[in-house]
Amino acid sequence: STALLTIYCSNNPLTTIDFSNCTLLRNLTCGDNQLTSLDLSNNPDLKRLWCANNPLTTLDLTNCTQLIWLTGYGMYLTNLDLSTNIVLWKFDISNNQLTSLDLSNNPLLINANCLNNQITSLDVSNNTLLEQLYCKNNILTSLDVSMITTLTDLRCHANQLTTLDVTQNTALTKLFCAGNQLTTLDVTQN
């Protein structure tokens with residue numbers, strides 16, 4: 001139906017779903033299925049997407065310009081383009097196979113979770129509203145969070161960081177940075 005605004009179809013053995021006529025769709029929860037593809041090209045008003053735990057290798061969100069919430073953990077994504085999702089404020093794309101993640105066009109991000117991937121570089125300089133950043137268990141060699149004064153929870157353990165400056169993150173209440181190559185850590189301002 002073209003009038004559908006919300007669809008919940010999680011926890012089924014679905015292998016395909018056709019949303020092409022649901023042009024007004026705003027909320028889609030289709031996690032824990034067997035979807036190998038998800039065509040959202042006709043869903044420009046989509047605001048919330050929960051597609052976690054599907055065997056997806058690709059996810060095209062370029063036409064979902066109103067997306068504010070993405071839950072896509074536990075899949076097989078190697079690439080994810082978030083450049084057109086400029087109002088995105090929360091995502092969980094943990095437990096995928098991402099090697100890079102460009103967040104430069106997502107200035108409204110508050111909660112970013114990309115743990116358990118293979119990301120080698122993460123630039124959060126345009127994400128100055130972040131409160132939670134979870135990037136544990138990647139291959140990060142550097143992470144600059146100095147411009148994010150709103151950051152309260154940083155989980156960057158199990159990477160290859162040699163330095164971590166949190167002296168400007170005065171709102172920080174949780175810091176997990178074990179399993180790196182840090183030789184010093186100044187938390188006197190936190």
Side-chain angles (χ1 to χ4, degrees), residues 1-98 100-117 119 122-136 148 150-155 171:
S1 169
T2 57
L4 276 174
L5 298 177
T6 301
I7 298 175
Y8 292 96
C9 58
S10 290
N11 299 305
N12 284 291
L14 295 170
T15 56
T16 59
I17 308 172
D18 185 356
F19 300 109
S20 59
N21 289 334
C22 304
T23 55
L24 300 178
L25 189 63
R26 292 194 182 135
N27 302 294
L28 172 59
T29 302
C30 60
D32 297 293
N33 279 291
Q34 295 300 314
L35 299 174
T36 55
S37 66
L38 189 57
D39 184 356
L40 302 170
S41 58
N42 288 336
N43 310 109
D45 293 334
L46 193 65
K47 292 187 179 299
R48 296 177 189 264
L49 173 61
W50 184 296
C51 59
N53 292 326
N54 277 293
L56 291 172
T57 56
T58 60
L59 183 60
D60 186 352
L61 301 172
T62 53
N63 289 338
C64 303
T65 58
Q66 300 304 307
L67 195 66
I68 60 170
W69 188 318
L70 168 63
T71 304
Y73 59 80
M75 300 191 297
Y76 301 98
L77 301 179
T78 56
N79 186 29
L80 184 61
D81 182 357
L82 299 174
S83 62
T84 61
N85 311 113
I86 60 173
V87 294
L88 188 66
W89 59 271
K90 181 175 184 174
F91 71 76
D92 182 348
I93 51 172
S94 58
N95 300 306
N96 275 284
Q97 298 171 5
L98 300 172
S100 65
L101 185 60
D102 184 353
L103 302 177
S104 59
N105 287 343
N106 312 108
L108 302 180
L109 271 179
I110 295 173
N111 186 315
N113 184 346
C114 58
L115 60 84
N116 297 331
N117 278 282
I119 299 169
L122 189 60
D123 182 354
V124 290
S125 59
N126 288 344
N127 312 113
T128 57
L129 300 178
L130 271 176
E131 294 175 9
Q132 295 177 318
L133 175 58
Y134 298 171
C135 55
K136 166 195 163 191
I148 309 173
T150 55
L151 195 62
T152 60
D153 189 352
L154 174 60
R155 301 182 189 203

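A distance of 6.5 Å separates CG of N106 from CG of N85, quoted to the nearest 0.5 Å. To the nearest 0.5 Å, the span separating CG on L77 from OG1 on T57 amounts to 7.5 Å. From L115, atom CG reaches atom CD1 of I119 across 9.5 Å, with rounding to the nearest 0.5 Å. Here the CD-CD1 distance, from E131 to I148, works out to 11.0 Å after rounding to the nearest 0.5 Å. A distance of 8.5 Å separates CG of N111 from CH2 of W69, quoted to the nearest 0.5 Å. Atoms CZ and OH, on F91 and Y73 in that order, are 15.0 Å from each other to the nearest 0.5 Å.
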Step-by-step side chain to side chain donor-acceptor pair (under 3.5 Å) determination, D45 to Q66: CA-CA 6 Å; D45 293 334; Q66 300 304 307; over 6 Å; no
Evaluation steps, side chain to side chain donor-acceptor pair (under 3.5 Å), between Y134 and D153: CA-CA 8 Å; Y134 298 171; D153 189 352; 2.7 Å; yes
L103 and L122: CA distance, side-chain angles, deciding distance, side chain to side chain contact (heavy atoms under 4.5 Å, CB included) verdict: CA-CA 8 Å; L103 302 177; L122 189 60; 4.0 Å; yes
Step-by-step side chain to side chain contact (heavy atoms under 4.5 Å, CB included) determination, R26 to T6: CA-CA 6 Å; R26 292 194 182 135; T6 301; 5.6 Å; no
Check against side chain to side chain donor-acceptor pair (under 3.5 Å), N54 and N33: CA-CA 5 Å; N54 277 293; N33 279 291; 4.8 Å; no
Working for side chain to side chain contact (heavy atoms under 4.5 Å, CB included), residues I17 and C30: CA-CA 9 Å; I17 308 172; C30 60; 4.2 Å; yes
Audit row: L109, L88, side chain to side chain contact (heavy atoms under 4.5 Å, CB included) steps and yes/no: CA-CA 6 Å; L109 271 179; L88 188 66; 4.2 Å; yes
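Side-chain atoms of S10 come within 3.5 Å of backbone atoms of G31 as a donor-acceptor pair (strictly under, hydrogens ignored). The closest donor-acceptor contact from the side chain of T150 to the backbone of L130 lies under 3.5 Å.
The number of heavy atoms from other shown groups lying within 6.0 Å of CG (L108) is above 12.
Residues C51 and L38 come closest through the heavy atom pair CB-CD2, 3.9 Å. Shown here for L129 and P107, the closest heavy-atom pair between the two residues is CD1-O, 3.7 Å. When all heavy atoms are compared, the tightest approach of P55 to L35 is CD-O, 3.2 Å. Across every non-hydrogen atom of N43 and C64, the tightest pair is O-SG, 3.9 Å. What you find for N27 and L46 is that their closest heavy atoms are N-CD1, 4.0 Å. The two residues L61 and L82 make their nearest non-hydrogen contact at CD1-CD2, 4.1 Å.
Checked by atom type, the side-chain pair N116/N95 shows a donor-acceptor distance below 3.5 Å.
Under the side-chain contact (heavy atoms from CB on, under 4.5 Å) criterion, I7 pairs with L4, C9, F19, C22, L25, L28, sequence neighbours left out. Under the side chain to side chain donor-acceptor pair (under 3.5 Å) criterion, S83 pairs with D81, sequence neighbours left out. Under the rule for a side-chain contact (heavy atoms from CB on, under 4.5 Å), the partners of S125 that lie at least two apart in sequence or sit in another chain are D123, M147.
The shortest side-chain heavy-atom distance between R48 and I68 falls under the 4.5 Å cut-off. Using a 4.5 Å cut-off on side-chain heavy atoms (C-beta onward), N127 and L133 make no contact.
The only option from L70, D102, T58 that meets the side chain to side chain contact (heavy atoms under 4.5 Å, CB included) definition with L80 turns out to be L70.
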